Amino acid sequence: MKKTREQTQRLIAFWIASLTIVVLALLASSWTAAFSHANRTQEQNVKYMAATMERQFFRNADLSALDKWLPDLLLSYEFSRFRLSLDGDDLYRWQAPYPQQKRQNSYDVRLSNEVRMHITMPKPRIISGFSAREFAIIAAGLVAAFAMVVVGFFWLSSEMDGVERLAARTRRILEGDMEAAAHAEKGERPISASRAISKLYRSWRHEREAKKSLDHYIRANTFLDANLGIGNRSFFEHRLHAFAKEGEMRQQGMVLLVQFDGLEGEDGHNQLTVIKQFIELAQPILSTHFDAVFASRSTLELAILIPQLPLKDGETLIAKLVKAIPLLNLPKGVDKDEAVHIGVAYYNRGDEVDQVISEAEMALRAAQLQGDSGWFMYDKGAVDRELAQGSVRWRSMIENALNRDGLVTEMAPVVNQQGKLQHLEVFSRMRNAQGELVRASLYRPMAWRCGLLPQIELRLIEIALRQLRDQQWPAAVSVNVKAQSLMHDRFIKRLKMLLASYSSRRQQLIVELNEKELVTHADELAGPLKQLKSADCLLAVDGVGQTVESLDYIENFGIDIIKLHASLSQKIHIRPENQLVIGSLVRSLVYHPVKIYAEGVESSAERQRLQMLDVSGYQGALAGHATDNLDDLKRAFPITK
């Protein structure tokens with residue numbers, strides 16, 4: 001802007017100088033013209049005088065009679081001296097009766113009879129010859145010219161300031177701030193260009209909103225049951241496989257199959273009405289589990305997937321669902337006692353996906369054989385003992401780990417499509433009293449139940465920043481933080497104090513949140529996220545696409561990175577519905593300066609398909625496994641500041 005204003009000042013100075021030169025040139029040319037005219041007038045008078053004398057000599061006039069009329073004529077021509085001579089002898093001499101000026105013009109004219117006429121007259125006086133009236137006219141012209149210069153200066157300055165305002169807005173647009181096009185500043189020039197930009201912005205905004213609506217519609221209808229408003233069978237199966245690795249579950253959890261046997265034989269409208277009633281009753285029960293998957297498997301069957309759920313809590317949840325069955329308004333002739341059956345499969349880490357579904361279906365058949373509405377789950381026998389431990393033991397274990405630095409961090413690379421490191425993501429384990437490492441999927445849910453997860457997240461951020469400082473590595477690092485942690489003022493204050501201690505590294509910190517948590521608590525998170533952005537932290541959102549959410553949060557909170565849920569990227573090369581969803585999402589964000597990464601990428605075929613869809617990068621087995629050795633990562637991904 002400063003450089004532009006300097007150019008404007010130079011332009012105005014040039015304009016003033018040019019106008020001044022023009023005025024001076026006009027004055028000079030006018031003076032020159034007046035001087036030339038005066039000289040020509042004198043010369044013309046001399047010619048007239050010579051012609052008069054020629055006529056006198058032609059008539060043989062007596063030279064003595066010249067005194068009667070010639071002096072008056074010479075005075076009228078403003079001559080100073082007049083002399084006629086022949087062969088050096090004076091024939092007639094005259095001199096003006098007033099003092100002579102110093103500067104004189106002399107003319108020597110030879111007449112036809114060999115008589116020479118000598119004339120002397122004052123040189124033309126331009127300035128001193130002007131009258132008061134003429135000087136007044138000249139002064140008025142100069143004042144008018146000066147006034148026009150002043151008025152023109154302020155007008156041109158105002159117009160150029162408007163041009164600069166418009167130029168500043170266009171530069172912001174070129175730098176990626178598309179919202180700058182929406183706010184036209186007062187005084188922008190040219191007005192037509194300013195209005196054109198605003199009009200184009202409105203058209204662009206309308207088109208973008210249409211794209212966002214289309215994207216939301218595509219994503220919703222690709223994995224949504226249009227009649228029930230929840231996920232469809234593909235949605236459930238993709239999410240289930242996303243929690244598995246190489247066909248084996250990566251953590252414990254529960255699968256429930258809800259069958260509405262009593263509605264068989266009823267018309268579709270009655271079936272749909274009852275199932276919707278059950279969904280409305282079940283959704284509040286499941287709302288506390290952000291990772292829960294609620295979907296329709298068939299016309300009369302629903303499926304629920306809840307990862308990281310202890311068996312005891314699972315039984316409590318099932319009991320609540322069973323209590324909702326009597327609240328259903330069933331059609332006449334449908335027995336409430338045999339209307340709904342629930343089959344439950346509690347799976348452990350390492351169980352095969354097909355085995356989990358098979359056990360849930362067998363449990364559902366067993367519940368149906370029992371007759372009465374209710375649920376059934378086969379005795380697993382080997383329920384995860386650590387997860388089954390009480391909250392008191394977990395609190396004691398986590399507090400001990402915090403006190404003795406029992407958190408072990410590992411970092412996994414996130415790379416772009418060319419394989420270059422973009423940032424690192426922190427994963428963690430906890431060392432128990434026996435020295436064994438407890439995986440994060442096990443201890444983090446229990447830490448949250450014990451109210452200790454915010455302390456763990458702060459400790460992980462501190463460890464990550466310290467490692468980057470000690471290694472003198474400029475790579476950015478992302479740490480997963482629960483939305484509920486950020487909503488506590490104490491957590492934000494401690495985080496800002498921590499960032500102040502690592503002021504040279506805070507720009508390398510990426511705070512990563514879950515999409516569903518962010519959307520659910522958007523209003524409460526507005527303040528904390530603004531503080532993090534003001535502290536130069538980057539914001540990332542993971543789990544995008546796990547549920548169908550509006551993407552307005554990207555613009556509202558200035559999100560820098562989004563990560564697609566693993567269920568969208570896994571086997572994407574053979575899943576056209578996933579390609580449709582990701583392609584639509586990428587196109588809807590084309591004008592946002594947000595980077596899109598895919599989670600859980602395991603094969604080159606998946607990466608290539610994601611690249612074709614313009615996904616910025618990926619993480620997962622193909623990018624590299626998490627490791628606690630930063631030296632290995634530095635060698636694998638050398639980067640410089």
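Keep in mind that what you see is a predicted model, and the values were worked out from it rather than measured.
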*Just jot down the side chain to side chain donor-acceptor pair (under 3.5 Å) partners of N514, sequence neighbours excluded, or say none.*
none
Under 3.5 Å, which donor-acceptor pairs do the side chains of residues 272-285 form with other protein atoms, sequence neighbours left out?
unit_1: T273; atom_1: OG1; unit_2: H269; atom_2: O; d: 2.8
unit_1: K276; atom_1: NZ; unit_2: N227; atom_2: O; d: 3.4
unit_1: Q277; atom_1: OE1; unit_2: N329; atom_2: N; d: 2.7

*Pair listing, ring-ring contact (aromatic ring centres under 6.0 Å, His included) test, anchored in residues 542-585, at least two apart*: none
*Residues forming a side chain to side chain donor-acceptor pair (under 3.5 Å) with S550, sequence neighbours excluded*: D552
_Checking E599 now: which residues fulfil side chain to side chain donor-acceptor pair (under 3.5 Å) with it, not counting sequence neighbours?_
none
*Pairs meeting criterion salt bridge (Lys or Arg N to Asp or Glu O under 4.0 Å) with involvement of residues 287-300, two or more places apart*: R297-E301, R297-E361
*Under the side-chain contact (heavy atoms from CB on, under 4.5 Å) test, which residues partner S373, sequence neighbours left out?*
I325, A339
*Partners of D614 by side chain to side chain donor-acceptor pair (under 3.5 Å), sequence neighbours excluded?*
none
*For V594, what residues pass the side-chain contact (heavy atoms from CB on, under 4.5 Å) criterion, not counting sequence neighbours?*
I554, I562, L589, H592
*Who pairs with Q579 by side-chain contact (heavy atoms from CB on, under 4.5 Å), at least two apart in sequence or on another chain?*
I572, R609, L613
*Enumerate the residue pairs fulfilling ring-ring contact (aromatic ring centres under 6.0 Å, His included) with a member in residues 595-621, sequence neighbours excluded, ordered by first and then second residue.*
H423-Y597
Contacts table for residues 481-494: side-chain donor-acceptor under 3.5 angstrom, sequence neighbours left out:
unit_1: K482; atom_1: NZ; unit_2: E517; atom_2: OE2; d: 2.9
unit_1: S485; atom_1: OG; unit_2: E457; atom_2: OE1; d: 2.8

